[in-house]
Asker: 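Here it is, the structure in full.
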Amino acid sequence: MAPKLSDSVQGLRAAGNQSFRNGQFGEAAALYSRALQLMQAQGSSDLEEESVLYSNRAACYLKDGNCRDCIKDCTSALALVPFSMKPLLRRASAYEALEKYPLAYVDYKTVLQIDDSVKAALEGINRMTGALMDSLGPEWRLKLPSIPLVPVSAQKRWDSLPPENRKEKAKSKSKETTTAKNKVPSAGDVERARVLKEEGNELVKKGNHKKAIEKYSESLSFSNLESATYSNRALCYLVLKQYKEAVKDCTEALKLDGKNVKAFYRRAQAYKALKDYKSSFADISSLLQIEPRNGPAQKLKQEVNQKLN
């Protein structure tokens, strides 16, 4: 004989959902618990269903302020179905409420790897960045736990596309990753680009120029409207003696900001290293028109002038 609706896993989950919508969070949690017990008694192997039940019960705990049990259930849900957004967001909120800001930051950051348009995660990253800066100081990023790398298969933005559009999306994403030329960045993209640029700046201060290049490149894949990101990456290329790449980045920086003094100076340095002294002299001259008393530029001009003569 088939079980009554209220005694089936699906029926208990549906009743729990209704109780949750009615604001009866304790009752909803009890119904989800009954559904989980029934699954275990039946020996069910439906991992997605079990994960959803844990995540739903976690939402009840979060609403009631029971953050520790929320975290426990979210962790159980993620063990069954890794990189599920709802338990990640709920766990992040619980960590934040408990002032465990590094762990909240990691979960919010993981969500943005899955879908970079999730407003709750973007806002959470902003809050956590401020809180971590206040509590841990300017080197807070060095004190974070490692952020897991989300596989492409878990990125929900692909799942929302019909199959016929996925190939076109892949082409588009490839273009964005390499140049971002045709992309109009959203507010979320701009914020992610800013955070990544700051991470690159911190790596430069530590002398890790190769890793900094990766951060600046990732930043530019989200928004290519920041002149300083190009000129900062150019500095890294200069240090690594990749002079042609430095020239290219400075040129891009100057397209965005024709008075970017650092871009003129770094391109002049790169041209000098490439023995293109005329181009180097021209850049220094342009820089000195903007800042006539720039000491390093005056010194570089003398050095280049000697090469020309």
Side-chain angles (χ1 to χ4, degrees), residues 1-98 100 102-121 124 145-163 166:
M1 185 175 178
K4 294 178 181 178
L5 181 62
S6 60
D7 290 333
S8 69
V9 171
Q10 292 78 9
L12 288 165
R13 177 154 72 98
N17 292 348
Q18 186 59 52
S19 293
F20 187 90
R21 286 192 289 269
N22 293 338
Q24 298 169 317
F25 306 122
E27 181 179 304
L31 287 163
Y32 295 137
S33 295
R34 283 176 58 192
L36 284 164
Q37 290 166 3
L38 184 57
M39 286 193 76
Q40 291 164 7
Q42 293 174 343
S44 173
S45 59
D46 189 340
L47 300 182
E48 289 194 12
E49 178 70 25
E50 190 176 356
S51 177
V52 167
L53 287 168
Y54 276 117
S55 179
N56 287 4
R57 190 171 68 177
C60 300
Y61 290 145
L62 187 62
K63 287 287 187 181
D64 280 339
N66 184 353
C67 294
R68 285 178 174 80
D69 280 341
C70 172
I71 290 167
K72 185 178 177 181
D73 270 6
C74 288
T75 302
S76 295
L78 291 163
L80 294 163
V81 182
F83 305 114
S84 298
M85 278 202 292
K86 287 184 178 179
L88 278 168
L89 283 168
R90 289 164 185 165
R91 191 171 68 177
S93 295
Y95 279 140
E96 185 176 353
L98 293 173
K100 295 184 177 183
L103 295 172
Y105 182 93
V106 168
D107 277 352
Y108 284 132
K109 196 81 169 174
T110 303
V111 170
L112 290 174
Q113 288 186 67
I114 300 166
D115 186 340
D116 59 10
S117 66
V118 177
K119 185 179 179 182
S146 60
I147 298 170
L149 182 64
V150 177
V152 173
S153 60
Q155 294 180 14
K156 299 297 181 185
R157 53 180 161 237
W158 289 86
D159 297 343
S160 63
L161 292 169
R166 290 180 188 169

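Keep in mind that this is a model prediction, so the values were computed, not measured. Side chains are part of it too, since the values below use all heavy atoms of this structure and drop only hydrogens, waters and symmetry mates.
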Asker: Could you tell me the separation between the CE atom of M39 and the CG atom of D46, rounded to the nearest 0.5 Å?
Answerer: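 Interatomic distance, M39 CE to D46 CG, rounded to 0.5 Å: 5.0 Å.
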
Asker: CZ of F20 to NZ of K63: how many Å apart, nearest 0.5 Å?
Answerer: 5.0 Å

Asker: Are any of the side-chain heavy atoms of T110 and I147 separated by less than 4.5 Å?
Answerer: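 In short, these two side chains touch, coming nearer than 4.5 Å.
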
Asker: Under 3.5 Å, is there a donor-acceptor pair between the side chain of Q113 and the main chain of P148?
Answerer: yes

Asker: Would you check if the side chain of S44 reaches a backbone N or O of Q40 as a donor-acceptor pair within less than 3.5 Å?
Answerer: no

Asker: With a 4.5 Å limit on heavy-atom distance, are the side chains of S93 and L62 in contact?
Answerer: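 S93 reaches L62 side chain to side chain.
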
Asker: So do L80 and Y54 actually touch side chain to side chain, heavy atoms under 4.5 Å?
Answerer: yes

Asker: Quick one, L38 with L12, criterion side-chain contact (heavy atoms from CB on, under 4.5 Å). Give me CA distance, side-chain angles, the key distance, then yes/no.
Answerer: CA-CA 10 Å; L38 184 57; L12 288 165; 4.2 Å; yes

Asker: Are a donor atom and an acceptor atom from the side chains of Q18 and R21 found within less than 3.5 Å of each other?
Answerer: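 Q18 vs R21: donor-acceptor pair found between side chains.
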
Asker: Could you tell me the separation between the CG atom of N56 and the OG atom of S33, rounded to the nearest 0.5 Å?
Answerer: 11.5 Å

Asker: So which atom in V9 and which in A35 form the shortest heavy-atom distance, rounded to 0.1 Å?
Answerer: CG2-O, 4.0 Å

Asker: So, for P145 and V106, which heavy atoms are closest and what is the spacing to 0.1 Å?
Answerer: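 That would be O-CG2, 3.8 Å.
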
Asker: In Å, rounded to the nearest 0.5 Å, how long is the span from CD of E49 to CG of L53?
Answerer: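 Answer for the CD-CG pair, E49 versus L53, is 4.5 Å.
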
Asker: Is the shortest heavy-atom distance from the side chain of Y108 to the side chain of L88 under 4.5 Å?
Answerer: no

Asker: Is there a donor in the side chain of S117 and an acceptor in the side chain of D115, or the other way round, less than 3.5 Å apart?
Answerer: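 There is such a pair between these side chains.
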
Asker: Let me confirm one number: the CG-CZ distance from L36 to R13, rounded to the nearest 0.5 Å.
Answerer: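 So the CG of L36 and the CZ of R13 are separated by 11.0 Å.
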
Asker: Are the side chains of I71 and L98 in contact, using a 4.5 Å heavy-atom criterion?
Answerer: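 SC-SC contact between L98 and I71 confirmed.
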
Asker: Between Y105 and E96, is any side-chain donor less than 3.5 angstrom from a side-chain acceptor?
Answerer: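 No.
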
Asker: Checking S19 side chain against A15 main chain: does a donor-acceptor pair fall under 3.5 Å?
Answerer: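 Checked: pair present.
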
Asker: Between S8 and G11, is there a donor-acceptor pair closer than 3.5 Å when you use the side chain of the first and the backbone of the second?
Answerer: yes

Asker: Considering all heavy atoms of both residues, which atom of L149 and which atom of F83 are nearest to each other, and what is their separation?
Answerer: O-CZ, 4.0 Å

Asker: Identify the heavy atoms of A104 and A92 that sit nearest to each other, and give their distance.
Answerer: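 Between these two residues, the closest heavy atoms are CB-O, 3.5 Å.
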
Asker: About how many Å separate OH of Y32 and CZ of R57, when rounded to the nearest 0.5 Å?
Answerer: 11.5 Å

Asker: To check you understand the geometry: which heavy-atom pair defines the closest contact between C70 and A94, and what is its length?
Answerer: SG-CB, 4.0 Å

Asker: Using the side chain to side chain donor-acceptor pair (under 3.5 Å) rule, pick out the option among R90, E50, K86 that qualifies with S55.
Answerer: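 It is R90, the one option of R90, E50, K86 that forms the side chain to side chain donor-acceptor pair (under 3.5 Å) with S55.
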
